2 protein chains.
Amino acid sequence: MLPKQKKPTMPELAKLAGVDVSTVSRALNDSPVVKTETKERIRKIAEETGYVMNVSARNLRKQSSEAIGIVIPLRPESGQGISDPFFLEMVGAVSSAASKRGYDLIVHLPEGEQTIAEKRLLQTGRADGLIVIGQAGLSERLNRLGDIINKVVVWGGSEKNESYTLVGSDNKAGGYAVGAHLLSLGKRRILFIGSLALPEVKLRYNGLLEAYNTVNLTHPSDLVLELDFGGQEAHDRVARLIEDGCKFDAIFASSDVLAIAALHAVQAKGLSVPGDVAMVGYDNIGQSGMIMPPLTTVDQNIKLGGEIMVNLLLRKLAGEEVSSQLTPTSLVVRETTVARVGRARI
Amino acid sequence: MLPKQKKPTMPELAKLAGVDVSTVSRALNDSPVVKTETKERIRKIAEETGYVMNVSARNLRKQSSEAIGIVIPLRPESGQGISDPFFLEMVGAVSSAASKRGYDLIVHLPEGEQTIAEKRLLQTGRADGLIVIGQAGLSERLNRLGDIINKVVVWGGSEKNESYTLVGSDNKAGGYAVGAHLLSLGKRRILFIGSLALPEVKLRYNGLLEAYNTVNLTHPSDLVLELDFGGQEAHDRVARLIEDGCKFDAIFASSDVLAIAALHAVQAKGLSVPGDVAMVGYDNIGQSGMIMPPLTTVDQNIKLGGEIMVNLLLRKLAGEEVSSQLTPTSLVVRETTVARVGRARI
DNA sequence: TATCAAAACCCAATCGATTGCAATTTTTGT
DNA sequence: ACAAAAATTGCAATCGATTGGGTTTTGATA
């Protein structure tokens with residue numbers, strides 16, 4: 001590390017290069033009106049002096065921040081806690097997609113019920129746009145974003161006709177694939193676990209119902225276990241169901257975290273998996289392949305999803321008109337095969 | 001959402017209030033030199049017009065950004081993948097601690113081997129300081145941070161005498177607690193799983209050794225399973241160990257993710273847990289309580305850790321002299337009791 | 001060599017807030 | 001009631017970069 005007294009600024013580079021700061025600015029921004037050799041001379045000086053541009057100054061002048069915010073509105077009351085690996089993977093995917101385009105990522109994990117204070121991120125000019133992960137109980141609020149609607153992209157499941165730009169995996173196709181898979185294995189009483197209040201989950205459930213329909217069966221309506229508090233609750237309530245004599249030959253959990261919790265409840269009750277009860281999750285988190293037995297699950301292709309969201313957001317910010325988009329999901333059947341399913345537009 | 005034409009600026013507020021912008025600025029910053037009623041009048045106007053300050057402008061002038069960066073240098077080659085819930089919990093803890101003090105959090109997940117390009121976050125003025133999570137293979141690099149060393153706080157395990165400010169849970173005490181617990185259960189052949197190249201892990205291992213010493217025993221040197229590739233590898237190698245006839249009556253994994261992987265390998269081999277093999281993890285991630293049997297583990301109190309790191313960082317930024325700090329860990333013995341262990345300074 | 005367009009560069013205003021210092025008003029002391 | 005001290009507020013420079021428009025150079029043409 002060289003001594004490096006202080007960070008040089010553009011005026012200083014200008015002095016060194018014997019040109020005006022405007023020329024330095026244009027040179028560093030590769031403007032075509034600067035002579036090539038001048039550019040190179042200036043760049044070399046910038047290089048040597050270790051010049052780095054002050055982003056606050058640029059942002060102030062250009063009225064933009066080259067940063068996007070990511071908001072993860074975890075419902076504290078919901079069990080979909082922060083420990084669900086799904087979220088970090090999503091942050092990772094978005095972060096990498098953003099930095100690939102030279103954007104920084106500002107994370108915001110709202111606490112409590114705050115209004116969508118995330119809007120501040122935009123209004124203060126800290127972020128140019130916002131990515132919201134999951135509609136978790138605020139889909140109505142999202143529909144009232146008002147003037148910032150064209151700076152926001154949401155990850156989630158499509159409801160009727162949301163007014164905001166939505167990106168999500170094809171939850172219905174995913175649910176259908178799971179249902180078809182289980183039905184083809186001869187399973188008939190599939191217990192669905194999840195919070196139907198969440199659009200993503202509701203769609204997965206609908207996919208399951210459709211799978212039943214396709215083979216002229218109907219899903220037993222008593223086999224839905226609505227949850228609000230995540231893993232621990234899933235574990236306990238599945239155990240209670242079994243104690244109460246509820247019979248099912250498969251479980252379709254709306255997340256791997258729930259599936260793993262349910263899995264252990266089932267095993268604890270002396271039932272075998274997948275013999276007595278087949279088990280399918282959703283998300284394909286790292287651990288789903290490491291547990292015993294390995295979990296069949298649905299991969300949402302988060303990496304791609306993050307990429308698309310950033311893409312769409314930047315295009316929106318550029319004034320382009322964009323439409324919501326679905327990403328493909330794939331059923332990951334452990335130990336056997338992988339089937340790819342639907343892709344479509346919403 | 002009101003029509004809200006455009007965002008008002010300070011000069012506009014000044015005009016409305018009939019004062020100079022300097023007065024507005026002071027009023028909004030609660031300067032004591034502004035008369036109270038003037039302050040209130042200005043604030044009311046700001047409120048009504050929905051004024052929000054442009055941070056770029058403030059940052060430019062004040063030469064600060066009110067934001068800190070968090071860097072999570074995952075070693076791609078290491079299995080400690082991004083899916084480890086530990087990291088998100090850490091991001092959450094830091095994010096909440098930061099926002100409590102009005103700071104934003106910029107996440108940076110470096111890809112590949114990049115130099116510590118995160119320095120750019122500082123040099124460009126985007127972030128005032130940096131929090132680095134885990135030394136993952138770059139502890140030497142961290143020791144050469146140079147001029148930015150007083151803007152960085154690292155989470156990890158203490159080596160000999162690192163030059164940077166370090167915050168971490170008391171890994172040695174954690175390891176000791178685990179060892180003491182297992183030994184008190186009569187276990188003697190404890191298999192340690194983890195990558196000793198990571199200071200945190202090394203310290204946990206040392207704690208285990210110390211526990212053995214305390215009861216005048218020594219840890220069988222063949223019972224160390226060094227890993228580089230995380231869960232899947234842990235699963236496979238534990239299985240292989242068993243096949244190869246390696247005998248052990250307990251496993252101490254350096255993370256819950258590894259423990260869960262090992263757990264299933266053990267169970268798959270027909271061994272009972274904790275009857276044949278006791279199993280202890282580290283981190284107390286959400287799932288550790290939901291698996292079967294529930295995992296005894298060590299809680300690092302990440303929430304507190306995040307809080308302390310932000311605290312220390314801000315104090316460093318304020319020019320204060322701070323020293324590294326350990327946070328307490330607690331052994332979480334599932335189904336039984338919870339024992340709190342050590343706290344100290346490094 | 002004079003003329004003119006194109007190329008390259010410089011000037012100066014601007015983005016929105018902060019802050020030392022000067023100017024003004026209010027309060028206090030006598 | 002008047003000067004001095006204290007409390008408020010205004011002026012203007014400043015942070016570091018961008019950019020429209022004007023000026024100087026270059027070089028080609030006649």
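Not measured: the values here are computed from a predicted model.
- With 3.5 Å as the limit, one finds a donor-acceptor pair spanning the side chains of B/Lys303 and B/Ser96.
- The side chain of A/Pro11 lies closest to D/dA17, out of C/dG16, C/dT18, D/dA17.
- If you check the side chains of B/Asp20 and B/Ser22, you find a donor sitting under 3.5 Å from an acceptor.
- A donor and an acceptor atom sit less than 3.5 Å apart, one in the side chain of A/Arg26 and one in the base of D/dG20.
- If you check the side chains of A/Ser65 and A/Asp128, you find a donor sitting under 3.5 Å from an acceptor.
- You won't find any donor-acceptor pair under 3.5 Å spanning the side chain of A/Thr9 and the base of D/dC15, going by distance alone.
- Using a 4.0 Å heavy-atom criterion, one finds that A/Asn59 contacts no nucleic acid atom at all.
- Side chain of A/Val21, nearest nucleotide from C/dG16, D/dT18, D/dT8: D/dT18.
- DNA chain D is contacted by both B/Thr38 and B/Arg61; B/Thr38 maps to the nucleotide lying nearer its 5′ end (nearest heavy atom per residue).
- Atom CD1 of A/Ile42 and atom P of C/dC9 are 8 Å apart (whole Å).
- Rounding to the nearest 0.5 Å places OH of B/Tyr164 at 11.0 Å from NZ of B/Lys316.
- Within the nucleic acid shown, B/Val24 has no heavy atom closer than 4.0 Å to any nucleic acid atom.
- The CZ-P distance, from A/Arg58 to D/dT19, rounds to 10 Å in whole Å.
- The phosphate of C/dG16 has OP1 or OP2 within less than 4.0 Å of a side-chain N or O from A/Gln63.
- The 5' end of DNA chain C is approached more closely, in terms of each residue's nearest nucleotide, by A/Val19 than by the other of A/Val19 and B/Tyr51.
- At D/dC15, none of the side-chain N or O atoms of A/Asn54 fall inside 4.0 Å of OP1 or OP2 (strictly under the cut-off).
- Remark: B/Ser25 is not in phosphate contact with C/dA17, judged by side-chain N or O atoms under 4.0 Å from OP1 or OP2.
- Contact of the B/Ile70 side chain with the B/Ile133 side chain is registered, since non-hydrogen atoms from C-beta on lie closer than 4.5 Å.
- Proximity of A/Thr23 to the phosphate of C/dC10: a side-chain N or O atom is located under 4.0 Å from OP1 or OP2.
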